Protein chains: 2
Amino acid sequence: MEGTGGRRARLRAETTAEIRQVALKLMASGGPDAITLRAIAREMGMTANAIYGYFATRDDLVTTLINEVYTTLADAVDAAWADAPAADPAGRIRAWARAFRGWALANPEGFRLIYGDPVPGYQVPEGGAAPDAAYRVCTGIAALAAAAWPHAGPLYADSDFQWSDFDAGLLDKLRPAFPDLPPAGVALALRIWGHLHGLVSLEIYGHLRTQTISPDKLFREELAQLIRSLGIDS
Amino acid sequence: MEGTGGRRARLRAETTAEIRQVALKLMASGGPDAITLRAIAREMGMTANAIYGYFATRDDLVTTLINEVYTTLADAVDAAWADAPAADPAGRIRAWARAFRGWALANPEGFRLIYGDPVPGYQVPEGGAAPDAAYRVCTGIAALAAAAWPHAGPLYADSDFQWSDFDAGLLDKLRPAFPDLPPAGVALALRIWGHLHGLVSLEIYGHLRTQTISPDKLFREELAQLIRSLGIDS
DNA sequence: CGAGAAAACTATACGCCGTGAAGTTTCTTC
DNA sequence: GAAGAAACTTCACGGCGTATAGTTTTCTCG
């Protein structure tokens with residue numbers, strides 16, 4: 001037995017990384033469907049079966065890719081959020097939203113991989129928890145909601161959300177980070193999330209294309225309305 | 001040459017209908033991926049290649065199915081809209097939205113077929129216009145927006161939407177039907193559409209499942225917020 | 001150093017898929 | 001009843017994921 005820094009382990013890690021990288025390249029050029037073990041192997045000068053030494057199944061590979069892509073998304077939106085001044089909640093929502101849409105437009109295949117039917121037969125692992133990066137995105141939105149809560153809270157005055165309405169795993173991550181956010185605040189986060197995801201999803205899948213020719217303007221206006229409806233004009 | 005009512009033509013129509021019906025059954029039980037020519041043929045006691053006499057390619061069949069499924073959706077939401085009293089715009093939005101979500105929950109595979117990556121290699125026909133039923137859905141939402149416009153109009157006071165911001169084909173259908181709806185009203189329609197589609201899409205694809213355990217309540221509250229933000233409490 | 005174990009990889013095979021080409025059966029029409 | 005069209009089958013090709021078995025390379029340890 002050798003340490004984790006041995007030559008063998010290093011080669012293994014490199015091959016694993018190359019598989020992921022080739023898979024992502026194939027996805028970028030041919031869509032999620034282009035992720036086939038045989039194509040990856042062809043590209044790498046290997047046999048398709050050799051990949052089974054690194055990933056138990058194609059779905060395992062896809063799961064790994066989803067995590068990887070999800071992380072780049074989380075990085076992008078987190079960075080945009082952090083760049084905006086903390087004193088301007090509306091500006092942070094705008095920055096976050098634009099980063100989200102910008103990432104999606106720049107990585108449409110990645111967006112489909114994460115948020116759509118990723119790949120022919122792929123099924124989201126049943127029992128497995130959502131990828132960490134997914135929680136990062138949620139946490140990012142929760143931060144937006146928490147900052148907006150002082151303004152938007154009254155809107156939820158007569159709502160009856162309970163902690164038990166939400167996923168326990170999510171709350172475990174959220175409540176320590178945002179101790180002042182009530183259950184309705186989580187609902188507010190989901191509202192922001194649903195709104196932004198909905199628009200971008202429509203755009204990426206081309207359902208907006210047959211309706212408006214300036215999704216850019218629509219998104220900007222939509223964002224303004226969302227922020228206004230939160231009671232934080234800035 | 002025989003008339004369109006001949007025996008041969010009838011048999012042909014029946015077979016075509018059976019192919020579509022079997023394909024829909026397969027989709028309902030195994031998801032969009034289960035739509036394979038070979039499976040359909042197996043189910044019908046035919047050879048896969050026989051289907052080529054009815055559909056030039058598998059994508060052609062999928063396109064037909066999309067139209068068919070889209071029509072059932074349009075029927076469902078139109079009916080719900082018509083059932084609600086015209087004097088209550090908010091009620092009509094609620095009815096439409098609930099019908100939309102209800103249909104999606106009852107036909108998740110259909111929803112994915114229409115609004116997601118439909119089927120492995122399928123590509124939306126490039127030049128072809130959107131299916132008629134898609135315009136029916138748009139028109140339905142436009143009706144909601146038109147009814148809400150007297151209340152929600154002021155929100156768009158300082159927006160600068162032009163007719164040229166929207167798809168000409170869409171406007172051809174919309175403007176005659178809703179002569180009083182200004183460009184910003186179309187943006188309002190897209191807003192409603194984006195909001196509802198976003199929520200339902202998140203739910204159908206399971207991205208809500210890791211966050212809330214009561215999407216029902218969330219949707220109801222969300223709907224209330226949407227209607228409130230339009231200025232039509234009822 | 002050299003033998004044996006372990007890891008990496010290849011070869012072959014099975015059943016699935018869409019689809020093209022060619023041949024066969026069945027029905028329609030004159 | 002014969003000609004012809006339409007419906008359908010058979011065979012074939014290349015693609016896919018993946019299971020099994022065999023081969024080559026590499027590392028470890030006496």
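Just so it is clear, the values below take in all heavy atoms, side chains as well, and ignore hydrogens, waters and symmetry mates. Computed from a predicted structure; not experimentally measured. Chain naming here is simple, since letters A, B, ... match the order of the sequence lines and numbering starts at 1 in each.
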Does [N] have OP1 or OP2 sitting under 4.0 Å from an N or O in the side chain of [X]?
| X | N | value |
| --- | --- | --- |
| B/T57 | C/dT19 | yes |
| A/R12 | C/dA8 | yes |
| B/R38 | C/dG18 | no |
| A/R10 | D/dC27 | no |
| B/T36 | C/dC17 | yes |
| B/R42 | C/dC17 | yes |

Inset, instruction - For this output row, return yes or no: ring centroids of A/F100 and A/W81 closer than 6.0 angstrom. - result: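 No, the ring centres sit 6.0 Å or more apart.
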
Inset, instruction - Step through it carefully: locate the ring centre of A/Y115, locate the ring centre of A/Y70, and say whether they are under 6.0 Å apart. - result: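 Yes, close enough.
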
Legend entry - Of the listed nucleotides C/dC9, C/dC17, C/dT19, the one nearest the side chain of B/A48: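 Nucleotide nearest to B/A48's side chain: C/dT19.
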
Output the rounded distance in Å from [atom1] ([X]) to [atom2] ([N]).
| X | N | atom1 | atom2 | result |
| --- | --- | --- | --- | --- |
| A/I40 | D/dT18 | CD1 | C1' | 14 Å |
| B/L11 | C/dT28 | CG | C1' | 12 Å |
| A/Y54 | C/dT10 | OH | C1' | 13 Å |
| A/N49 | D/dT20 | CG | P | 12 Å |
| A/I51 | D/dA19 | CD1 | P | 14 Å |
| B/F55 | D/dC8 | CZ | C1' | 16 Å |
| A/R58 | C/dC16 | CZ | P | 17 Å |
| B/D59 | C/dT19 | CG | P | 7 Å |

Legend entry - Note: B/D216-B/R220 ion pair, threshold 4.0 Å (strictly below):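 Looking at B/R220 together with B/D216, the answer is yes, because their closest N to O distance falls below 4.0 Å.
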
Legend entry - Which residue lies more 5' along DNA chain D, comparing A/L37 with B/G53 via nearest heavy atoms: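 The residue closer to the strand's 5' end, by nearest nucleotide, is B/G53.
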
Inset, instruction - Return yes if some donor-acceptor pair links the side-chain N/O of A/N107 with the main-chain N/O of A/E109 below 3.5 Å, else return no. - result: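 Not a single qualifying donor-acceptor pair exists.
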
Inset, instruction - May I ask you to decide if the ring planes of A/W103 and A/F111 are parallel, tilted or perpendicular, using 30° and 60° as cut-offs? - result: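 A/W103 and A/F111: tilted rings.
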
